[in-house]
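As the structure is a computational prediction, the values presented were derived from the model and not from experiment.
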Amino acid sequence: MADEAVAEHPAEPAAPKAKDARSPEAPPRGGARGDDKAKDAPDAPGSSDASDAADAEAAEREKERERVADRFKDRTRDPLAEEQGEEEPTDAAAATRARRSGQKLLASGRDLVSFDRSDVSQVHINNISVGLDALRSGLPMRDGPVPEEELLRIRRTHIEPEGYVRLRRALEARRLLVLGGAPGTGRASTALALLEEVTRDGGSGQNAERVRRADPERGVRGLATQVVGGEGGHPRGTGYLLEPALDRPGTLPPDGMDLDQLASALAERGSYAVVVVSVGSAANPLLAGRYGAICPPAPTRELVAVRLRKRLEEEHGDPARGGGSARDGGGGGGDGRDEGRTPDADQDGDRTRDGGPDEAGSLSRLLERAAELREDPEVTEAVGLDDLRPAEAELFASLLAGHLLGSVDRAELLSGCRGLAAVQAYEWFAGVDRALAAPPPGDGRAPVRSGTAALFHPVAFRIALAVLGGASHSAVSAAAHLLTWELSVQSDPDSTPARPLFCDDPESDLALSRARPADGPVDVAGAEVTGRLIFYRGSALPAAVLAELWDRHFPVRAPVVRWLRLLADDPRPQVSMRAAVAAGELSVRDFEHGYAELVRPLAEAPTPRRRVFAATALDQAAGHASHRRAVRKVVEDWSRHGTPALRWTAAMALGYGRSADSMDDTLDALARIGVRDDGEQLAVASLNVVRLLTLPECATVLRRLADWTGHRGEEYQDLALVSIVRLALTDVDEVLDDEPGTPLGGRGDWPLLLALVATRPELTGKLADLFWTALNTARSRDVALDALETLLRSASRKDGRAWTREGLAALLPALTAEEHEQRRLKWLLRRMMRDQDRPLTEERARALWRLAVPARQRRSEEEESHG
């Protein structure tokens, strides 16, 4: 190549080919130009004796050609970049990844179990009834002794959390322990277990009321007075459990001197006290002091095992026989031998009468089956929680035992397991703002509402995490503060809510929301960096939170809608796209409200970002069979009769491939949008045609593109040509919805054209014919040549490693079969070598030439040139 003279510009073919002999099914290359061939031809022959008028006419035609080419170039620009400026690219790849992540967390298709929210202290699933008092935060604790039976039960079944011995030693040494944890994690049970153990062998061993619950209204100071006998003394060695209500507005937490006073009184009386508090800004100073400690949750596996064994033993006899403490290895059970009727797991209907070896063997086999059932992938997915809290473990164990014993069938088991997350979501939101209406402790003064922000922040954080799960912790926290403001204003519109600036505690947010951090990639300005991400500890919680929020708390919809609109304007795709997916899921739960308040207003917004939000929400709703027909009717109406903004939004929704009955219907709608009003929205229509090429019906899209190139209407031709050029300029990551492990997903940074050639070889001829048409049409030629240069530069990476070489090796020979096509490639390679900013090395230019021209043809040319 280097030894041959290269023309200053690639020669154009005198006439297009009638048919590509190498691809019998491909459309005629360049033969679809219709009546505009003469107009587009850049080098039409002229006579040497032409008149001045003819020269002027030719000059005017050249100017018109340039104007047409410039207009064509404008239509290949990114339609999503209108508000960002021409040169600043949109982060389409980050938006695609964020949408995929949001769908993965929310599209669980759960049939959430319905509970009677008027009285949820008991959950009834068939014949299983389990108390949920352990989950409920804010329940008033009555002053009085803890029954000995409850202490015995705790001694037998309590599972020691990590660090239990350390907590016991701290209580024994200081007499006072401030134990922090999230509600429902078993912190109160651990406190009772500690008090039962330290008072069991002391002077109060024979005292029937050796462990008492203290009145939370009296607080630490009242308990200190009670311990020293100021209000009715108690025996020495008594253990006290106090859960002060620190979350009520107007309530101040005890200070260090209050705790010291209580500890001194306890030491004087030889007694003990555990003060249980919820982690958070109000309790953090207490937990950081000398008496503070965090209570870790009990391990789920051991917790379920003990509860399950207890349930099965209840069917086999008295669990008290051979009981023993879980801390002593008894596991809350014994050997399960007792008199009574016990079903045999291996015999249909056979039962044994006594507590002999048959019954023990039956229990052993049941426990083995229970362990297998607990690890069943379908059961694990139905539970959807990474770890279970004590009341949840109790319900889960009851469901497993019921299924093993025949009282709960498989469908009921899975349905009950799905209800665990629903109950947790209920507990998080039930009566949160009741504390605002309650007077503060004291003399019946007016309610204090200044604490709305602190009260609503944990709730807002849980909602933000359900919407933005998988995003960075900072993004979720910032969104939670925005929602806190909206909730506070909605709750008390006459007051300006306080905005605490230094109250955030990331560890408290994680504990109170059952969340977990993880290091992962964050998209920033088109690049990926490592950041701190945050997720729920369980795939079922995001959907459960949104369902509870939308279905049970109608007044909260208004502030949440305002908040979602704010998120729609967020420039970070990890925020706006996840919020759009969540908006679609909320719309499914009440499509009338979601359409009227979110989808339609944002679909008509002046900014592309809001319209993309609306299109994504519509597509998310279309993913549910129950709403697909409604969404398709909306999109069809918008594409035919909508305003320009609505047609633009419809085009974006169509690009996902689920908003029309078939691929042909989708392409018809996109063509209808793209050719209307002199191609005003051709750019967004072509973008979504390209997005459809990542779907399995790719061949249908290519067939329609070929049909459009042969259409008589120039607008249809332009739609095809712009789509073809955009296909070469779009990376796979920008449009692919599949997971990275798919064939296309493994080539995320490849141009989509080359990725399709590499993964779908049967499409190579059609793709080459379409790109050849763009290269040989005057108005699209310059842009297509620039796109070809981009493809050529992607052959190898800067460090020399292969990149898209495989795709180029298949595409280039199909584009350069004729001599004039090879001359054009030579000219383009020469231009790339002379580029002052990014010169192509001669070695790489030769490598590209060898990819394009077969070795046999190169030898023939060399022989001919050397005679």
Side-chain angles (χ1 to χ4, degrees), residues 95 99 102-103 106-107 109-110 112 463 466-468 483 486 490 542-543 545-570 575-661 665-666 669-670 672-673 681 684 688:
R99 173 177 173 270
Q103 287 183 318
L106 286 176
R110 300 184 166 273
L112 298 177
I463 298 172
V467 171
L468 304 179
L483 183 55
E486 294 291 345
Q490 184 77 14
V545 166
L546 294 184
E548 174 68 26
L549 178 75
W550 218 241
D551 295 346
R552 299 285 174 179
H553 304 282
F554 294 103
V556 84
R557 288 187 177 187
V560 169
V561 164
R562 294 195 299 268
W563 174 67
L564 288 173
R565 290 181 179 180
L566 291 174
L567 298 186
D569 294 325
D570 197 294
V575 173
S576 59
M577 293 303 290
R578 284 183 169 87
V581 172
E585 287 296 311
L586 293 176
S587 298
V588 169
R589 309 201 73 86
D590 188 345
F591 192 72
E592 177 190 18
H593 187 273
Y595 177 80
E597 297 294 330
L598 279 170
V599 175
R600 179 62 185 258
L602 295 182
E604 292 185 300
T607 59
R609 185 175 290 124
R610 284 196 161 200
R611 298 198 294 266
V612 170
F613 183 100
T616 304
L618 269 180
D619 174 74
Q620 187 67 19
H624 295 259
S626 57
H627 289 69
R628 194 167 298 146
R629 182 177 179 182
V631 170
R632 290 175 176 176
K633 181 64 167 60
V634 168
V635 172
E636 182 182 6
D637 288 346
W638 287 359
S639 69
R640 291 182 181 275
H641 314 296
T643 63
L646 290 179
R647 294 200 305 273
W648 195 100
T649 305
M652 290 302 300
L654 289 163
Y656 291 113
R658 296 191 291 196
S659 295
D661 292 335
D665 290 337
T666 300
L670 285 173
R672 189 162 54 241
I673 295 170
Q681 294 185 345
V684 70
N688 288 284

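Remark: R589 fails to qualify as a cation-pi partner of W550 under the 6.0 Å distance and 45° angle criteria applied to the six-membered ring.
Heavy-atom minimum distance, R658 versus G623: NH1-CA, 3.6 Å. Here the closest non-hydrogen pair linking A651 and I673 is N-CD1, 3.8 Å. Contact record, M652 with A615: CB-CB, 3.6 Å, taken as the closest heavy-atom pair. For A614 against A603, the heavy-atom pair with the smallest separation is CB-N, 3.6 Å. Among all heavy-atom pairs drawn from V467 and A582, the shortest one is CG1-CB, 3.7 Å. Heavy-atom minimum distance, D637 versus K633: OD2-NZ, 2.7 Å.
H627 contributes a side-chain N or O that, together with a main-chain N or O of V588, makes up a donor-acceptor pair within less than 3.5 Å. Using a distance-only test at 3.5 Å, with no hydrogens or angles considered, no donor-acceptor pair links the side chain of R611 to the main chain of W648. A donor-acceptor distance shorter than 3.5 angstrom exists from the side chain of Q681 to the backbone of P644, with no hydrogens or angles considered. Side-chain atoms of N688 never come within 3.5 Å of backbone atoms of L654 as a donor-acceptor pair (strictly under, hydrogens ignored). Remark: the backbone N or O of V581 is not paired with any side-chain donor or acceptor of R99 at under 3.5 angstrom. Listed for the D590 side chain is no donor-acceptor partner under 3.5 Å among the backbone atoms of L586. Without hydrogens or angle criteria, R565 side chain to E597 main chain gives a donor-acceptor distance under 3.5 Å. When atom types are taken as modelled, the side chain of R647 and the backbone of G642 share a donor-acceptor pair closer than 3.5 angstrom.
The distance from the CZ atom of R552 to the CG atom of L549 is 12.5 Å, given to the nearest 0.5 Å. Going from atom CG of L106 over to atom CD of Q620 covers 7.0 Å, rounded to the nearest 0.5 Å. Summarising the geometry, atom CG belonging to L618 is positioned 8.0 Å from atom OG belonging to S587; distances are rounded to the nearest 0.5 Å. Here the OG-CG distance, from S576 to L567, works out to 8.5 Å after rounding to the nearest 0.5 Å. For the atom pair CG of D661 and CZ of R628, the computed distance is 10.5 Å after rounding to the nearest 0.5 Å.
Between D551 and L546, the closest side-chain pair of non-hydrogen atoms is not below 4.5 Å. Counting only heavy atoms from C-beta outward, the side chains of D569 and F613 never approach each other to under 4.5 Å. A heavy-atom distance below 4.5 Å is found between the side chains of W563 and I463.
The pair R632-D665 fails the salt-bridge criterion, with no side-chain N (NZ, NE, NH1 or NH2) lying under 4.0 Å from an Asp/Glu carboxylate O. By the 4.0 Å N-to-carboxylate-O rule, D570 lies too far from R609 to be salt-bridged with it.
Paired with R600 under the rule side chain to side chain contact (heavy atoms under 4.5 Å, CB included), one option of V634, T649, L646 passes, and it is L646.
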Between R562 and Q490, is the side-chain hydrogen bond (donor to acceptor under 3.5 Å, both in side chains) condition met? List the steps. CA-CA 11 Å; R562 294 195 299 268; Q490 184 77 14; 3.1 Å; yes
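For Y595, there are no ring-ring contact (aromatic ring centres under 6.0 Å, His included) partners two or more places apart in sequence or in a different chain.
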